[in-house]
Amino acid sequence: MNNQMDQRTVLLMLVGCSVVYVAFEHPSFGTALMVGAGVVTLLHLLMKER
């Protein structure tokens, strides 16, 4: 395993951080941690290599 991040990792981190920030700024969208974890998990499952 190399030490470089691939594009999928960067995308997951950016989307997760963005969703957590939006949920944190607007509490009506839900708990920031749960929303961020859910989105990152969903993206990870959808982008999983076969």
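Count residues from 1 along the sequence. On a predicted model such as this, the values are computed, not experimentally measured, just so you know.
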Could you give me the CA-CA distance, side-chain angles and deciding distance for Val15 and Val39, then say whether side chain to side chain contact (heavy atoms under 4.5 Å, CB included) is met? CA-CA 8 Å; Val15 170; Val39 169; 3.6 Å; yes
Spacing of Leu11 atom CG and Met47 atom CE [to the nearest 0.5 Å]: 5.0 Å
Rounded distance [0.5 Å steps], OG1 in Thr9 versus NE2 in His44: 9.5 Å
Leu42 meets the side-chain contact (heavy atoms from CB on, under 4.5 Å) criterion, sequence neighbours left out, with Leu46
Taking side chain as C-beta onward, heavy atoms only, is Met13 less than 4.5 Å from Val40? no
